[in-house]
Amino acid sequence: MIIGKDIIEQYNKNEVENFNIDYDFLQNKLTRSGANVAEIVNKIAEFQVAIPSWALGAGGTRFGRFSYGGEPSSLEQKLDDVGLIHALTHSAGAISLHIPWDIPSDVAAIKEKAVSHGLIFDAMNSNTFQDQPGAKQSYKFGSLNAANEDSRAYAVEHNKEVIRIGKELGSKSLTVWLADGASFPGQLNFQTALSKTEQSLKEIYAGMPDDWKLFIEYKPYEPNFYSTTIQDWGTSFMLANACGERAYTLVDLGHHLPNSNIEQIVATLMYKGKLGGFHFNDSKYGDDDLTVGSIKPYALFLIFNELVYGIENNPNNPYPAWMIDASHNIKDPLEDLIQSLEAILIAYAQALLVDQKALKDAQLNNDVVRAQEILQNAYRTDVRPLLKAARLQTGAALDPIAAYRNLKVRENLISERGLNVKATGL
């Protein structure tokens, strides 16, 4: 299914009158407060978030998986699905692939299809948390930290192969997430495991092109619950420093213990020039991988407040890579991703409304009440008309979810692909 500009323009005609009323009201209000509305809209229009290939099919739990029908059963179809999301939102201009789930059989054809949808290839993702059919070594007791040298070398070589595939596609970064750790005390030596992980990451880093970045994820638990080798941002930061200047920490919002101050982690990493990117999701208890902004929208706003400040004030930190990393068990995956994009852009737009100069003055004067008011006034502003203005400017649908349903996208995908199909890699 392809959604052309003419279809979206026709859909927007029915929505534009109400949009104009809402936008004029908000624009006048924000202009009176000193905000540069046109600049904010332009920044929203330029903001792009990568869609991971594995998020396009129905997710699941340890207990079951429930297909939604019309899922993409090939890399080509995954690109088509991201193309649909990007056509509706114009904020999903990149796809992040997972190897070996997404090995292209024809690189030239895959690149051509990506271009046809206006997509680029974001960070490549390796897989050393599953044994693949016919694998010569097992990751059961670790990969980059494995006591078995052959398993460790096998994992390193896999990451180098991911880099080679990424080079052909035009990607410029590799994300490494490890399930490595221990389920029981005494299972491994913490220092030895960390040392071997550092050594392995250095080998991978040395195999990257000079214009590539390495993103190192961390996670406090799961699938191992006694320990994980890269358990927190400090360990990731230490490993990134050990690898080199093009190695960075990657923050996944679900990879923290409950009530962690993620915005402070973000600020610290940006101050040190080591925040490489983000995996957006939301959670109530752990790594729930829920729709972005569905549980803790204020926390998301506070994180973006630090990101906006860091982008402006920390030139030593590269512009972060943005990606959604979620699992969809009871929602249409494409609708869920569109909702996540909306939540990300809302938080970003709200953060752009924060008067950083006034906030700094309040902080210097220890005016705690004023500082809270500045943040919460921005957070409580309904910025959705700004998002719609950005979409109208770029040719996207004013209301992507409504357009998705009005155009019967899922029904069309089921008609094209069938009801009983399963997304590759899931």
Side-chain angles (χ1 to χ4, degrees), residues 96-101 103 123-132 134-167 171-184 186-224 226-252 255 269 274-277 279 321 325:
S96 188
L97 301 189
H98 192 288
I99 305 299
W101 300 343
I103 297 176
M124 303 293 290
N125 299 267
S126 57
N127 182 332
T128 60
F129 56 86
Q130 289 177 327
D131 286 348
Q132 303 301 322
K136 296 178 181 179
Q137 300 294 330
S138 176
Y139 300 136
K140 181 177 182 179
F141 296 107
S143 60
L144 298 187
N145 79 344
N148 183 293
E149 290 186 14
D150 291 336
S151 294
R152 198 165 63 251
Y154 193 65
V156 169
E157 179 53 38
H158 166 67
N159 277 274
K160 290 181 178 179
E161 176 63 18
V162 174
I163 293 169
R164 287 191 285 269
I165 295 170
K167 280 178 61 179
S171 174
K172 296 291 184 182
S173 54
L174 170 70
T175 296
V176 174
W177 173 74
L178 300 180
D180 294 2
S183 295
F184 301 97
Q187 181 180 329
L188 52 70
N189 180 282
F190 294 137
Q191 292 189 30
T192 301
L194 185 59
S195 173
K196 291 185 183 300
T197 300
E198 180 179 319
Q199 178 186 338
S200 299
L201 287 170
K202 285 179 176 178
E203 290 181 45
I204 294 167
Y205 182 84
M208 294 194 317
D210 292 340
D211 59 347
W212 271 52
K213 298 172 185 171
L214 174 64
F215 300 143
I216 304 172
E217 278 196 73
Y218 58 90
K219 191 174 184 180
Y221 63 89
E222 196 188 38
N224 289 288
Y226 174 63
S227 79
T228 48
T229 299
I230 309 179
Q231 81 275 27
D232 57 25
W233 72 270
T235 306
S236 170
F237 175 73
M238 178 179 63
L239 291 169
N241 280 334
C243 287
E245 62 180 12
R246 292 179 291 108
Y248 302 89
T249 292
L250 186 141
V251 176
D252 184 306
H255 291 190
L269 288 170
K274 279 294 183 180
L275 178 67
H279 283 183
D325 188 5

(Q) Around atom CZ of Phe129, are there more than 12 heavy atoms from other residues, nucleotides or ligands closer than 6.0 Å? (A)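 Yes, because the 6.0 Å sphere around CZ of Phe129 holds more than 12 heavy atoms from other groups.
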Q: Give a yes or no on this: more than 12 heavy atoms of other residues, nucleotides or ligands lie within 6.0 Å of atom NZ of Lys167.
A: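 Open: at most 12 neighbouring heavy atoms sit under 6.0 Å from NZ of Lys167.
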Under the rule for ring-ring contact (aromatic ring centres under 6.0 Å, His included), what residues qualify as partners of [X], not counting sequence neighbours?
X: His158; result: none
X: Tyr248; result: none
X: Phe190; result: none

With sequence neighbours excluded, what pairs up with [X] under the side chain to side chain contact (heavy atoms under 4.5 Å, CB included) test?
X: Ser151; answer: Gln137, Ala146, Asn148
X: Ser195; answer: none
X: Ala182; answer: Gln187, Leu188, Tyr226, Ser227
X: Glu161; answer: Arg164, Ile165

(Q) If you define the side chain from C-beta out and look only at heavy atoms, does anything of Leu214 sit under 4.5 Å from Cys243? (A)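 Side chain of Leu214 against side chain of Cys243, heavy atoms only: contact under 4.5 Å found.
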Q: Under the salt bridge (Lys or Arg N to Asp or Glu O under 4.0 Å) rule, collect the residues that match up with Lys172, sequence neighbours excluded.
A: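 So Lys172 forms a salt bridge (Lys or Arg N to Asp or Glu O under 4.0 Å) with Asp211.
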Q: Not counting sequence neighbours, which residues clear salt bridge (Lys or Arg N to Asp or Glu O under 4.0 Å) with Lys202? List them please.
A: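 Once residues adjacent in sequence are excluded, the partners of Lys202 under the salt bridge (Lys or Arg N to Asp or Glu O under 4.0 Å) criterion are Glu198.
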All side chain to side chain donor-acceptor pair (under 3.5 Å) counterparts of [X], not counting sequence neighbours:
X: Thr175; result: none
X: Ser236; result: Thr249
X: Gln231; result: Thr235

(Q) To check you understand the geometry: which heavy-atom pair defines the closest contact between Ala155 and Thr128, and what is its length? (A)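 Heavy atoms only, the tightest pair is CB-CG2, 3.9 Å.
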Q. Considering all heavy atoms of both residues, which atom of Tyr139 and which atom of Asp131 are nearest to each other, and what is their separation?
A.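 Residues Tyr139 and Asp131, closest heavy atoms: N-OD1, 2.8 Å.
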